[in-house]
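Report on the following structure.
Computed from a prediction, not measured in an experiment: that's the story for all the values here.
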Amino acid sequence: MINVRNLEFSYPEKSGLFSRGQTAIFTGAGISLPGGCICGLLGPNGAGKTTLLKLLAGLLFPHGGDISIKGFTPAERDPAFLQDVFFLPEEFHTPSLRARQYGERYGPLYPRFDQPYFLSLLQKFGLPADKALNTLSHGQRKKAMLSFGLATRACLVILDEPSNGMDIPSKSQFREVLLDNFDEHSTVIISTHQVHDLEGLIDTVSILADGRILLTRPLDDIADRLSFEHALSAPDTALFSEKSLGGCAYVKRNDEGVATQVDLSLLFGLVTQQTALVQSLFNDAGNKGSNAGARQ
């Protein structure tokens with residue numbers, strides 16, 4: 001579905017009105033994702049998540065390497081590719097159209113767009129179809145655009161920090177709607193620095209930090225190799241630990257072969273602090289070759 005190899009990308013450094021060279025963002029990065037997955041793209045602010053998403057969507061153009069999505073090169077902006085990709089940025093503009101009108105006007109850009117399905121998703125979110133989008137709160141507008149994105153039935157849905165601006169009930173609603181309406185023929189990429197918003201939602205995780213793509217793996221694979229546990233104190237076998245209420249949470253090798261639920265916060269800490277150890281554990285030659293600069 002998605003294959004990125006030897007990705008090169010830089011932003012120009014500016015001083016006033018003048019450019020002063022280039023700031024490397026990616027230098028040899030790589031990531032591969034299959035179809036039919038929901039991938040959480042994790043990383044702190046400035047890790048390069050938004051840049052990568054824009055490159056995948058064809059909104060930015062790489063300076064080197066290859067990006068292939070279902071056989072298309074995003075930078076070529078082939079209409080057949082663009083009509084099968086929906087990108088919801090963190091900040092976006094909504095016109096003074098009613099939600100129903102928005103679907104009628106922009107839905108035809110996507111051949112498989114389903115207007116009745118769009119309206120049903122709005123209803124699930126408790127949003128009025130006949131209220132102007134620009135009068136809704138930021139969180140409500142995000143839910144409306146998420147409803148539209150799912151109704152496009154695009155093969156690639158990219159969501160950049162979709163839960164920002166949502167209250168706790170809305171975040172639960174977001175997870176429920178996405179899981180209930182996920183198309184197994186699609187791939188969804190969700191970028192966030194709030195790891196807890198993705199728990200129980202994603203089946204694959206990709207971690208970016210310190211200018212590098214550090215790890216991309218299915219959660220089942222991670223659970224096969226690592227064990228996530230709680231105790232009063234971390235054992236000597238712990239690879240990484242964090243204090244928690246009543247003791248500590250820690251991760252160690254899964255030598256017992258018993259799968260535990262992947263703790264994304266612990267995984268992120270382990271991967272970012274002991275990258276070489278984790279890559280050695282997973283024997284992930286692809287990730288070793290993809291360590292690259294990344295700043296949003």
Side-chain angles (χ1 to χ4, degrees), residues 1-9 25-26 28-43 47-60 62 65-76 78 80-82 84-89 149-150 152-162 178-179 181-193 195 197-209 212-225 262 264 267-268 271 278-279 282-292 294 296:
M1 172 66 181
I2 298 175
N3 287 290
V4 179
R5 296 184 303 170
N6 302 317
L7 180 62
E8 305 278 344
F9 185 81
I25 308 300
F26 292 104
I31 183 173
S32 295
L33 291 173
C37 76
I38 303 179
C39 176
L41 184 63
L42 305 182
K49 303 185 300 296
T50 296
T51 298
L52 179 59
L53 297 184
K54 288 182 176 180
L55 287 162
L56 293 177
L59 298 174
L60 291 175
D66 300 303
I67 302 177
S68 175
I69 299 178
K70 289 193 70 175
F72 291 102
T73 300
E76 295 177 356
D78 189 308
F81 167 76
L82 297 176
D84 220 5
V85 176
F86 175 79
F87 176 48
L88 178 61
L150 293 175
T152 66
R153 302 192 186 278
C155 75
L156 177 59
V157 175
I158 301 174
L159 308 174
D160 192 6
E161 301 285 358
L178 186 56
L179 286 172
N181 297 277
F182 173 65
D183 185 339
E184 64 181 11
H185 301 295
S186 299
T187 293
V188 178
I189 302 177
I190 306 172
S191 167
T192 186
H193 64 280
V195 295
D197 289 352
L198 296 183
E199 290 178 346
L201 176 61
I202 63 174
D203 55 34
T204 302
V205 63
S206 184
I207 295 177
L208 281 70
R212 297 181 293 166
I213 300 174
L214 305 179
L215 184 75
T216 301
R217 282 285 172 174
L219 293 188
D220 287 346
D221 194 12
I222 293 170
D224 285 342
R225 291 167 169 77
V262 176
L264 294 175
L267 178 66
F268 183 83
V271 171
V278 173
Q279 292 179 348
F282 285 91
N283 193 27
D284 195 340
N287 276 331
K288 290 178 182 178
S290 68
N291 291 345
Q296 287 180 11

Inset, instruction - Would you confirm whether K49, through its side chain, and G43, through its main-chain N or O, come within 3.5 Å as a donor-acceptor pair? - result: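 Yes.
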Inset, instruction - Give a yes or no answer on whether the side chain of D84 reaches the backbone of C155 with a donor-acceptor pair at less than 3.5 Å. - result: yes
Inset, instruction - Find out whether L41 and L208 are in side-chain contact, i.e. whether some heavy atom of one side chain is under 4.5 Å from a heavy atom of the other. - result: yes
Taking all heavy atoms of [X] and all of [Y], pick out the closest pair and write down the distance.
| X | Y | result |
| --- | --- | --- |
| A29 | I213 | CB-CD1, 3.8 Å |
| P34 | M1 | C-CB, 3.5 Å |
| F72 | A80 | CZ-CB, 3.7 Å |
| A154 | S186 | O-OG, 2.9 Å |
| L60 | F9 | CD1-CZ, 3.9 Å |
| F282 | R217 | O-NH2, 3.2 Å |

Can you measure from [atom1] ([X]) to [atom2] ([Y]) and round to the nearest 0.5 angstrom?
| X | Y | atom1 | atom2 | value |
| --- | --- | --- | --- | --- |
| I202 | D197 | CD1 | CG | 11.0 Å |
| D220 | D203 | CG | CG | 8.0 Å |
| K70 | F81 | NZ | CZ | 10.5 Å |
| L150 | L178 | CG | CG | 6.0 Å |
| I190 | L42 | CD1 | CG | 10.0 Å |
| L7 | T51 | CG | OG1 | 10.0 Å |

Inset, instruction - Kindly determine whether L55 and V4 satisfy side-chain contact (heavy atoms from CB on, under 4.5 Å), including the steps that lead there. - result: CA-CA 10 Å; L55 287 162; V4 179; over 6 Å; no
Inset, instruction - From the options I189, L52, L214, T216, select the one residue that forms a side-chain contact (heavy atoms from CB on, under 4.5 Å) with S206. - result: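 The side-chain contact (heavy atoms from CB on, under 4.5 Å) with S206 is passed solely by T216 among I189, L52, L214, T216.
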Inset, instruction - Could you point out which residue of V205, I158, L33, I2 forms a side-chain contact (heavy atoms from CB on, under 4.5 Å) with C39? - result: L33
Legend entry - Step-by-step side-chain contact (heavy atoms from CB on, under 4.5 Å) determination, L53 to L59: CA-CA 9 Å; L53 297 184; L59 298 174; over 6 Å; no
